[in-house]
2 protein chains.
Amino acid sequence: MASSIHDLARHLNISIGTVSRALNGRADVNAETRQRVLEAARTLNYSPNQSGRSLRQGATRSIAFMLQPHPGDQQYGEPFFIPFLTGLQAQLAEHDLDLMVVMGEPGQYQPERLRRVVETRRADAVVLANTRREDDRIDYLSKAGFPFATLGRSQSGGDTYPSLDIDFERAGEEAVDRLVARGHRRIAAIRPSLDLNFGYLFLDGYRKALRRHGIEVDPGLIADGFINETGGYQVTPRVMLSKDRPTAIIFNNDAMALGGCKALAEMGIRPGHDIAVIVIVDTPLCRYFSPALTAFRPSLEPMGRRLAEMLLASLPAFAGPEGTRIIREVWPLELVARESD
Amino acid sequence: MASSIHDLARHLNISIGTVSRALNGRADVNAETRQRVLEAARTLNYSPNQSGRSLRQGATRSIAFMLQPHPGDQQYGEPFFIPFLTGLQAQLAEHDLDLMVVMGEPGQYQPERLRRVVETRRADAVVLANTRREDDRIDYLSKAGFPFATLGRSQSGGDTYPSLDIDFERAGEEAVDRLVARGHRRIAAIRPSLDLNFGYLFLDGYRKALRRHGIEVDPGLIADGFINETGGYQVTPRVMLSKDRPTAIIFNNDAMALGGCKALAEMGIRPGHDIAVIVIVDTPLCRYFSPALTAFRPSLEPMGRRLAEMLLASLPAFAGPEGTRIIREVWPLELVARESD
DNA sequence: CGTTTTTCCGTAAACGTTTACGAGAACACA
DNA sequence: TGTGTTCTCGTAAACGTTTACGGAAAAACG
């Protein structure tokens, strides 16, 4: 069915070496024979077998992208990743690289699926998502000497790998700034309880801005919940029942915000009227929720493209002439003002 | 770094043939030597190089999943695919198969990216999403003799490949039944204008149910729009301005419904009060929209698992003992009654 | 003990590439 | 004409597997 380099060679009565060199644009092949080879390749519908090529070159020309659900959660960060993946894929495609998707096993953090891909050498590098503050996947990949990049910062592994993150700290600050400017002083912060780095970053920014405005940080206004709707639903009342009720809440996650708003509704508190609500990472859900939630929006598709670039620049086989490796990059979020604050 | 079968052989002072046979559970190897090989594999941290294996066996042990955006759209069917992909991946992982994601080039239907994967033999089979009524990808794969399965029915290719679809026809019927039971007689239908098969199926069910209830099908109440929010926004007024205004609208797509509701709001018409709205395929957006949209919900994750099963059963290398190939399967949707109807 | 069967293992080819090496032919130059 | 250079190509090894084949040793059988 599929023709090989041998078929071409036989058809043209030349050696496979010449055929290969002709196809790969090597200099030491006569212009005329190159033409004949290329033409034969077209008529015989030849394209190189990737397995053979990978075996010989020790590179698969494919990059793995790993999603990992958080324990207890079934979602893989649903609305977040498709746009990111779109950008990642588009950029990789420009380098003729394919994309493989690895999903961690739900309910646990063991990087078994990742290990399989690495050990069987199915991909040349890995992009990690759902990065945690301490991430055993990073430790594993570092130790294995396997190239990777991460979406989201981590404390694991040092500054040895490219990572691209959203500026949660600054978003936390800006959210507080905006609320203070609108007269709020009692501002609550609700973030995920797991070992997610962005929860810490967000809180840093939140605290920093409060202090800057001379507002005391009230631990009663800070709460952690599970990173989904239920978590937001459960934890929001806790903050609302503190002695001096907050007039604003910043949610560090869209799903938690939706759950929180449900709890607020049940308490008869209307976001946008009785309380201000801001969400740190915008998703389509924030836009269509009623009231539409004011949120900070990342540019996921460009981020996907960018992280692909950063990863490729860190791979010797792809490193550009200058060889400037980009290690960390933090992108700002854009405030989308809607009705909830 | 990575150890090969030769390393094991050298280490144990036996031949690579024996090592391979031991690892692959062949019968013609002594029980004791097999133990030694397995132990050495563990201590030397051996795992087989997939490129070598693929080359020899002519199979890559990976399945490609292809998303294709519709022309003019940047979205790849965003909220729909992650749960489906989760199920697909989970089932494939049970067979030690990896998943590769191919995204069609935005703005065109040419299956170039797909062709690349097929011709370089990067995957053993393909799962197609965003299936159209006449789908050149199906024609291409059929002609190439490459195994595939589709999410969604098509008219291309005949009954030669496994496909799994949602029962849009029945959902259209049930939507009409529900609305008629609630007293509606003027029911509009809004569906995507592209060559998407489910738009036709939905309309069949819609018409069938109307006739069954003795209601004349009014062409003025049926409209096509582009399959996104803008399309719904543009086309909904057209239906509302027909001489005898409808009292209910069935949207064949969540994004179109959201755009339609925006148009309705601007006309001062409130879904759930002034008009009934039902959406055929539920997404999280329907749930959080205000008013929450009554919708028909698919079970995407089980569907992903199922389609993986169907695909594997159609592959000679995986076909079970009975070899019963499942060609087509159509799954029902579940009505989720909310506030909009 | 001789013959047949079974058990176990080594040899080598094959999958489809790429590439180091060398060699023949053509050419340039003195 | 002799020497060196350039152009072009063929040869063969290598990447890491799997597997058909055959053969030696052990076991079974008469």
Side-chain angles (χ1 to χ4, degrees), chain A residues 1-38 40-41 44-62 96 116-124 317, chain B residues 1-38 40-41 44-62 96 116-124 317:
Chain A
M1 190 71 216
S3 57
S4 81
I5 221 172
H6 291 89
D7 299 325
L8 290 192
R10 207 175 314 123
H11 182 253
L12 294 169
N13 227 13
I14 58 178
S15 79
I16 61 164
T18 306
V19 174
S20 177
R21 283 191 298 265
L23 292 172
N24 292 339
R26 284 263 184 291
D28 56 347
V29 46
N30 184 293
E32 190 212 355
T33 42
R34 162 164 297 131
Q35 281 312 314
R36 289 176 54 222
V37 169
L38 292 177
L44 293 192
N45 198 23
Y46 168 81
S47 42
N49 179 305
Q50 185 58 43
S51 298
R53 184 175 263 183
S54 297
L55 179 57
R56 168 64 212 229
Q57 299 190 329
T60 61
R61 294 203 74 83
S62 82
D96 273 324
R116 222 175 65 82
V117 169
V118 169
E119 289 179 352
T120 60
R121 274 133 291 172
R122 270 195 161 279
D124 297 335
Chain B
M1 190 71 215
S3 57
S4 81
I5 219 172
H6 292 90
D7 299 324
L8 291 193
R10 205 175 316 121
H11 182 252
L12 294 170
N13 225 14
I14 59 181
S15 79
I16 60 164
T18 306
V19 174
S20 177
R21 282 191 298 265
L23 292 171
N24 291 338
R26 285 263 181 291
D28 57 346
V29 47
N30 185 293
E32 188 212 358
T33 43
R34 162 165 296 132
Q35 281 312 313
R36 289 175 52 223
V37 169
L38 292 178
L44 292 192
N45 198 23
Y46 167 81
S47 42
N49 178 305
Q50 184 58 41
S51 297
R53 187 176 260 185
S54 297
L55 180 58
R56 167 64 212 222
Q57 298 190 329
T60 61
R61 293 202 75 82
S62 81
D96 274 323
R116 223 176 64 85
V117 169
V118 168
E119 288 180 352
T120 60
R121 273 131 293 175
R122 271 197 162 275
D124 297 337

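Proteins come first, then strands; the chains are lettered A, B, ... in the order of their sequence lines, and each starts at number 1. No experiment lies behind these values; they were computed from the predicted model shown.
- Using a 4.0 Å heavy-atom criterion, one finds that A:Thr33 contacts the sugar-phosphate atoms exclusively.
- Donor-acceptor pairing under 3.5 Å, judged by distance alone, is present between the side chain of B:Arg21 and the base of C:dG10.
- Heavy-atom minimum distance, B:Ser3 versus A:Arg121: O-NH1, 4.4 Å.
- Annotation: of the two residues near DNA chain C, A:Ser4 and B:Val19, the 5′-most nearest-nucleotide partner is B:Val19.
- A:Ile14 comes within 4.0 angstrom of the backbone, heavy atoms only, and of no base.
- At a threshold of 4.0 angstrom between heavy atoms, the contacts of B:Ser20 include nucleobase atoms, whether or not backbone atoms are also involved.
- For the pair B:Gly52 and B:Thr18, both in contact range of DNA chain C, the more 5′-proximal nearest nucleotide belongs to B:Thr18.
- Among the atoms of the strands shown, only primed sugar atoms or phosphate atoms (P, OP1, OP2) are found under 4.0 Å from some heavy atom of B:Ser47.
- Side-chain N/O atoms of B:Arg56 and base N/O atoms of D:dT17 include no donor-acceptor pair closer than 3.5 Å.
- Using a 4.0 Å heavy-atom cutoff across all strands shown, A:Gly17 reaches at least one base atom of the nucleic acid.
- If you check every strand for non-hydrogen atoms under 4.0 Å, A:Ser54 touches nothing.
- Within 4.0 Å of A:Asp28, counting heavy atoms only, lies at least one base atom of the nucleic acid.
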